[in-house]
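Taking it in order: structure first as structure tokens, then the write-up.
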Amino acid sequence: MQATFDTDLTPYNTFGLRAKAKAFVALSHEQDLPDIVRLPEFDRQSVLWLGGGSNILLTEDYHGLVVHLENKGIRETGRSNGVVFIEAQAGEIWHDFVCHTLKLGLSGLENLSLIPGTVGASPVQNIGAYGVEVKDVIHSVRCFDLDTLEFVELSNAECRFAYRESLFKQAGKGRYVITAVVFALKETFHADLGYGDLAAAVAERCGGRAPTAQDVSAAVCAIRNSKLPDPKILGNVGSFFKNPVVSAQTAQTLLEKYPAMPRYPQADGSVKLAAGWLIDQCRLKGHQIGGAAVHDKQALVLVNKNQATGQDVYRLAQHIRQTVRQAFQVELETEPNWLPALV
Ligand code: EPU
């Protein structure tokens, strides 16, 4: 196994930022991990484990080793009481995997259709869309533990999932390399259509007949395509900010001023707000700094309009945070990771 040097990372990040890796190696099989750890370029503190590159912002060249996880494979590992366990290797493309499970007649992933990225990245930020989070269908996560240099299976509970959060972003950061994920999918379809206008979109598609998981997937794809830009055409990293969670009191104060404000009450009494709505209210759709702009159809997404640099994106993000802070006294937190860390 050998690394390449000064490797162009532009095709490996969906925002399309121009950056090079000092050293780069592709991982095709998880069994190669012990060899990677022995490479002279390997340094645990600075290595970047890279999946689909849909959650990173490269603001300069990467000064360490980048390991691109390309291990593939999907297999059934067991069945019990209507639940089918499917293991997918980290390098599988997320949406292709979702389609594969739908073709097998399984359900559970249909609401998560068309999310960019890889299977291995899905547990890290607990990807979620249209009322479902991947934690709802993950059985366990297989990892290479850099402390012990052994493979471990972490249960769903051990992964400590929360909204766009997990062990892999907290205490386990820099320790666990995710090599595969086991999903618990269902043989029988139960529609989860509680989010926004999904039920209406599915009903329109089915015209009176009972929907299937494939119908839900098709409706989700249509909604996403109508407002989220395709990273292959217009560079982006999906939602740029997390939806902020505020106290019940803060939400109440804002509601008195903005009765139409979208809000999602949480089990603990706090209230999640829609960052896209807050940004939109500040009339920032289409706002551009250098080559980076706020998408004109969905204010939560920043796009690479014209050879944006990391600095353009950073300045735009800061401008948005400051404008929203001034207007609503709400702090926005960036969802993707800045490399190197900035916000
Ligand atoms: N809204 C606006 N203007 C906008 C954008 C949104 O007024 O420009 C309003 C919408 O009308 C709606 C509310 O804000 O009332 C929420 O919008 P939407 O349903 O489009 O979802 P979101 O909160 O913007 C979240 C996820 C998305 C996921 C969708 C659907 C986060 C940070 N984002 O977006 O996830 O697809 O819900 O479930 O939680 C991603 O993480 O990359 C991502 C795309």
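First listed ligand is number 1; within each ligand, the first listed atom is number 1.
- Only one option out of T118, L114, L112 pairs with W94 in a side-chain contact (heavy atoms from CB on, under 4.5 Å); it is L112.
- K242 and E335 are not joined by a salt bridge, as no carboxylate oxygen comes within less than 4.0 angstrom of a charged side-chain nitrogen.
- Between Y130 and Y195, the ring planes lie perpendicular to each other; the angle is over 60°, past the 30° to 60° tilted range.
- When side chains are defined from C-beta on, C143 counts as touching F168, because their heavy atoms get closer than 4.5 Å.
- Using a 4.0 Å cut-off between heavy atoms, Y163 contacts ligand 1 through its side chain alone, with no backbone atom that close.
- Summary of contacts: the protein heavy atom closest to atom 17 (O) of ligand 1 is Y195 OH, 4.4 Å.
- Looking only at protein heavy atoms, the nearest one to atom 1 (N) of ligand 1 is W277 N, 3.7 Å.
- Contact atoms of ligand 1 toward Y264: 13 (C), 16 (C) (distance under 4.0 Å to a heavy atom of the residue).
- Under 4.0 Å from ligand 1, not a single heavy atom of F240 appears.
- Across P262, G238, A275, heavy-atom proximity to atom 15 (O) of ligand 1 is greatest for P262.
- With a 4.0 Å heavy-atom cut-off, ligand 1 is reached by the backbone of S239 and by its side chain too.
- Between L39 and V25, some side-chain heavy-atom pair lies under the 4.5 Å cut-off.
- The single protein non-hydrogen atom nearest to atom 14 (O) of ligand 1 is A274 CB, 3.3 Å, given as residue, atom name and distance.
- A salt bridge is defined here as a Lys NZ or Arg NE, NH1 or NH2 lying under 4.0 Å from an Asp or Glu carboxylate O, and K20 with D61 fails to meet this definition.
- Distances from atom 7 (O) of ligand 1 to the protein include at least one heavy-atom value under 4.0 Å.
- Those atoms of ligand 1 that come under 4.0 Å of a heavy atom in E335, given as number and element, are 32 (C), 41 (O).
- Short contacts between ligand 1 and A129, defined as distances under 4.0 Å to a heavy atom of the residue, involve ligand atoms 28 (C), 36 (O), 38 (O).
- At the shortest separation from atom 24 (O) of ligand 1 among protein heavy atoms lies Q298 NE2, 3.1 Å.
- Remark: minimum distance from atom 38 (O) of ligand 1 to any protein heavy atom is reached at Y130 N, 2.6 Å.
- Around atom CD of E256, more than 12 heavy atoms belonging to other residues, nucleotides or ligands sit under 6.0 Å away.
- Comment: R142 engages E153 in a salt bridge, judged by a side-chain N to carboxylate O separation of less than 4.0 angstrom.
- For ligand 1 and F241, the ligand atoms under 4.0 Å from any heavy atom of the residue are 32 (C).
- Backbone and side-chain nitrogen or oxygen atoms of L228 are examined, and none is located within less than 3.5 angstrom of a nitrogen or oxygen of ligand 1.
- For ligand 1 and K285, the ligand atoms under 4.0 Å from any heavy atom of the residue are 8 (O).
- Taken from CG in D192 to CG in L198, the straight-line distance is 8.5 Å, to the nearest 0.5 Å.
- Of all atoms in ligand 1, listed by their number and element, those nearer than 4.0 Å to a heavy atom of K227 are 20 (O).
- Here R175 pairs with D147 in a salt bridge; the nearest charged N to carboxylate O distance falls below 4.0 Å.
- Contact annotation: S54 has no heavy atom less than 4.0 Å from any atom of ligand 1.
- Atom CG of N111 sits about 12.0 Å away from atom CD of E133, to the nearest 0.5 Å.
- Between F328 and W277, the angle of the ring planes lies from 30° to 60°, which puts this pair in the tilted group.
- For atom 10 (C) of ligand 1, the protein comes within 4.0 Å by no heavy atom at all.
- A perpendicular orientation is assigned to the rings of Y314 and W338, their planes being inclined by more than 60° (bins at 30° and 60°).
- Nearest to atom 36 (O) of ligand 1 among the protein's heavy atoms is R224 NH1, 3.3 Å.
- The protein heavy-atom contact nearest to atom 26 (C) of ligand 1 is R164 NH2, 3.4 Å.
- Atom 2 (C) of ligand 1 has its nearest heavy-atom neighbour, among L300, N243, D280, in D280.
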